[in-house]
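The figures that follow rest on heavy atoms only: side chains count, while hydrogens, waters and symmetry mates do not. Because the structure is predicted, anything quoted here is derived from the model rather than measured.
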Number of protein chains: 2
Amino acid sequence: MVDPVLPSSGLLSPLGLESVRLAPGFWGDRLALDREVIIDHCLEWMEKEGWIANFTGEQPRRGREFSDSEIYKLLEGMAWAGHPGFEELAAVVVQAQEADGYLNTRWSGDRYRDLEWGHELYCYGHLLQAGVARLRTHGEDDFTALVRRAADHVCEVFVEGTRTDGHPCLEMALVELYRSTGAERYLELARRLVERRGLPALGTIPFGPAYFQDDIPVRQARVLRGHAVRALYLASGAVDVAVETGDAELLAAVEAQWERTVARRTHLTGGMGSRHADEAFGDDFELPPDRAYAETCAGIASIMLSHRLLLATGRARYADLAERTMYNVLATAVALDGHSFFYSNPLQVRVAAPAADGMVSHAAAASLRSAWFDVSCCPSNISRTLASLPAYVATTDAGGVQVHHYTPAEVRGAGMALRVETGYPWSGGVRVRVLEGGEGAVSLRVPAWARDAGYSVHRPDDGSPGAAGAAGGQAGPGYLTLPGPWRPGDEIHLDLPTTPRWTRPDHRADALRGTVAVERGPLVYCAESPGDLPPLADIAVRQAPPAEHEADGVVELEVEAGLVTPAPDGWPYDGSPGSPAAGGSTTLRLIPYHRWGNRGPATMRIWLPAD
Amino acid sequence: MVDPVLPSSGLLSPLGLESVRLAPGFWGDRLALDREVIIDHCLEWMEKEGWIANFTGEQPRRGREFSDSEIYKLLEGMAWAGHPGFEELAAVVVQAQEADGYLNTRWSGDRYRDLEWGHELYCYGHLLQAGVARLRTHGEDDFTALVRRAADHVCEVFVEGTRTDGHPCLEMALVELYRSTGAERYLELARRLVERRGLPALGTIPFGPAYFQDDIPVRQARVLRGHAVRALYLASGAVDVAVETGDAELLAAVEAQWERTVARRTHLTGGMGSRHADEAFGDDFELPPDRAYAETCAGIASIMLSHRLLLATGRARYADLAERTMYNVLATAVALDGHSFFYSNPLQVRVAAPAADGMVSHAAAASLRSAWFDVSCCPSNISRTLASLPAYVATTDAGGVQVHHYTPAEVRGAGMALRVETGYPWSGGVRVRVLEGGEGAVSLRVPAWARDAGYSVHRPDDGSPGAAGAAGGQAGPGYLTLPGPWRPGDEIHLDLPTTPRWTRPDHRADALRGTVAVERGPLVYCAESPGDLPPLADIAVRQAPPAEHEADGVVELEVEAGLVTPAPDGWPYDGSPGSPAAGGSTTLRLIPYHRWGNRGPATMRIWLPAD
């Protein structure tokens, strides 16, 4: 199966890239963009920055200590995408491996001295994931042989002892390699790495042990904390270990952490992480829209975690969050032309920053997409995620097929073939046409936001169109399961109402008090003001139903807003907080958040002050 | 004159430590704490950490690259305080100077290679300030000779060329040494350093050039930006240069920067800086209470800048901000026992963190005071500031004496001697008693917060007490100037009403929307909930007049608050924002912000959700 995550047990079995083909549409277009633009863009930058040449050793090493991992992530993406450059790039990596399996361009000769910051096991993690992708898309070759040798080397060095890596990643990679090869030593090391963390397994760092989740064992923790990508990769690895070892306690622990994290530490976009200094979650309800870090890689990691929990449990809640994060973090992080990227994804930007030239510091890059970063983890992570996205769309179980995400596609599973036709996310109508029939049920996810969803089943053989209506009804959030048998030509019409809705924050989210946001379907909307007129600081929206209109295939919204006359500059706490309504009113155009920042420097905000 | 800042021109002339003696009271007690506890605490930690031994070279060097500056700041504080340990500590420093005047324990042998991050000129800045303090409190000795040699060395190396230091500080130190010695080369180098910055004068760093104010020349900048301490030290040095060179344009530029920074980038406490990652200001109206960085050293630097602008212009606005910052940042940053310190001073803390043991990362130390830090700039900065605080209290001009800050003290200036008696800040009554008479006017600052201030003048020689009332009246914000002549026994009674007041934020301060704060006199109040009952997340205050009561000499306040029943955990944006008022009501105790965190782990908030 051509799939990045293939659990040997769990409630649902994924359908891989050979079973799910995306057609042109929201995600199909982005897959094409990845194949045609993003992968080559990444390749060019890695060449330019010398990160690939690091493997030949013919020049002084360049890039950060973890730059090897960028090549591995790109290889993984190239493998899923069937990119013709895979073998050439893989060959550069293959020749750099040492005799005993060790491979790292930064630490060769000085191995495993700095597990806290060295990222050696982290790099192996991405190497193994690239190897899994190659195994599943191609089969064994020199590169997969390298990957096995590297994995065996790591097992030998780390299976005993108390140590682990400062950046989780290897855990889930080992489990996946175990799933691909059946070699149980990989699963055993993954299990030990998960169990070691928090005993503690690492030395002291200024950020404290929670930064790399070494403050408490995984199965005792109650919430995700510290560095967001680290926390989410670790949790993903823990789910993989739990599923393969039948460890219900560990799975339940991660589920509880997910619940509390979603309830208290997740931005409206699905973005995770509120702190720039250590790229960390922050405390419960610390959810600043302006300083939301919401790192692109954390969003991707969150999708990975939610997908794993969905496969293990079948709960729609996990697919709901994955969808939110796909449309509002993953899609946001890449420019429409595929040539620039957000590292962080704030929910408010007050200053229309000028365009950045060339490679920029990831720390500085919150307000405009950049072609590349000094820490450039996000572009290659976007690439491998888009390339494998079909694997997230649908699953099977003993009863039939489940469709979790709606985008034009053909899905083959449980002996059936289905064509999904939809204008999603712009419209909420989904038509599932049976191409090849079968006995199993077809289950369709009804997202939690879809109130009053309806469906109808059309079986042409039954005769008149009127009969179809009789087989329809209302569907509440969760899965709408329609039993078979299905015959070619049968159709299911699902109608997910996409009426724009006003969203209010929990009162404990202090930074959002007195604001509202607008969502429509799975999309979070924002006000973007390229010319800064009216200033987005001086608006107060009225919560009447927004008007919809379409422009270039994108649904935009209009809301009415009062203009606040700002208080004169002085001491900003003198009781002159501005005069709402005195400044007149305006119509505010809202665009999907993922579209912002594609028309030059602009200010932006998702959370709008309420009138 | 024993004073840290002695401009040769300007509207007001400072009165130094020999002219202003603090008696027991809010600040007098803290001066005593500095002399008796804080200085020795710093000395012990610097010994323990090996930062003093770095000067002997008998051990591997310890501490960060700028640790020399901590010794210099401590020496400055010891000089102002007349601490008996000065000479012994100074002797350790003296023997470390190289033949040509160079002195730095980190970069010796590798001089001036890393001006961006090396802090060499920054360290000289603090060395020179210690030298000025020694010159003014004692006169020439081996240490001041060392300082002159170091200053001459720096002048020789840096007077030509385009370079400056990544951390401003040397500018104001050079001007002050010029003021003490008359050597114009010091002023000239200071002038050049101020003019060079922003041309640019420094290399590229990941944080970008604004971090060290190298993005634009000082006289063209419109607001303070980047690293807050750097920005404020640079602005202070620019004022010093402007005053000594008669550069009205430069002075006006800094005044305008101060105005905009105060209007848009200053927390209610006077704290400056909103970003942890680079200890920087952040954008206009980026004023998060929870992630307010408000570094202690930035507060001190702000007091230094405002004091300089006050001397130059005589505007009460500068003294107002200095007072706010003294009571709500400087006083907050040090524990009541003088043995622990805040590095950052957030306006909200959601988690009652356990006490930190020993030295902690400054990055992690936002929620509890620590005995010491890896970057321990704040304790010694507090020490030197408290030791020189009398110099901020009063000034003279051709017309008489001005009292800017109220605390029990004796003030001698313009040929007069005045005794200030007051329970300030707990009460707003100030009695100024003439001990030695004179012809000049006495001016008393009426803070901007003091609405309906009144005063009366009592001249015993006039006869009946009733006559005193006739010589009184109302006084608006600014300076109440009462003309002489004054005779011994004359009294002025100033009554600054300290009725607690509800304060509302500017509507553009997004993070504060829907909240109110309580102030009383110069003090900002906060809710501190050691036991977290009621949870400070679940209150909504009613803005009725707070009740006052005194406890152990501290005025506490009580306000009524509704209790919000939190929404059940789930998705925090589902339109269930909690039920205000459904949870009943409570009485919330408010304490002065500077007192918080002295009774063990606690949550805290200044900005309270409004009912």
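With a 4.5 angstrom heavy-atom cutoff, B:Thr266 touches chain A via backbone and side-chain atoms both. B:Arg265 does not touch chain A: none of its heavy atoms, backbone or side chain, sits under 4.5 Å away. For B:Leu287, the part sitting under 4.5 Å from any heavy atom of chain A is the side chain, from C-beta outward, and nothing else. For A:Trp502, no part sits under 4.5 Å from any heavy atom of chain B, backbone or side chain.
Look at A:Asp569 and B:Arg260 and you find no salt bridge, because none of the NZ, NE, NH1 or NH2 atoms lies under 4.0 Å from a carboxylate O.
Contact count versus chain B (heavy atoms, under 4.5 Å) is highest, among A:Leu268, A:Val262, A:Thr503, A:Val351, for A:Leu268. The residue among B:Asp510, B:Asp283, B:Leu512 with the most heavy atom pairs within less than 4.5 Å of chain A is B:Asp510. Top candidate by heavy-atom pairs under 4.5 Å with chain B, chosen from A:His267, A:Arg317, A:Glu519, A:Arg501, is A:His267. Among A:Asp290, A:Asp538, A:Val516, the residue with the largest count of heavy-atom pairs under 4.5 Å with chain B is A:Asp538.
Separation of atoms CZ (A:Arg291) and CZ (B:Arg291) is listed at 9.0 Å; rounding is to 0.5 Å.
Annotation: side chain of A:Trp571 is in contact with side chain of B:Arg324 (closest heavy-atom distance under 4.5 Å).
Put simply, the side chain of B:Arg508 gets close to the backbone of A:Ala567: a donor and an acceptor are under 3.5 Å apart.
Counting all heavy atoms, side chain and backbone alike, B:His276 lies closest to A:Ala277 at CB-CB, 4.0 Å. Among all heavy-atom pairs drawn from A:His507 and B:Pro566, the shortest one is CE1-CA, 3.6 Å. Scanning all heavy atoms of the two residues, the minimum distance from A:Arg350 to B:Asp284 falls at CD-O, 3.3 Å.
Between A:Tyr573 and B:Trp449, the distance from one ring center to the other does not fall under 6.0 angstrom.
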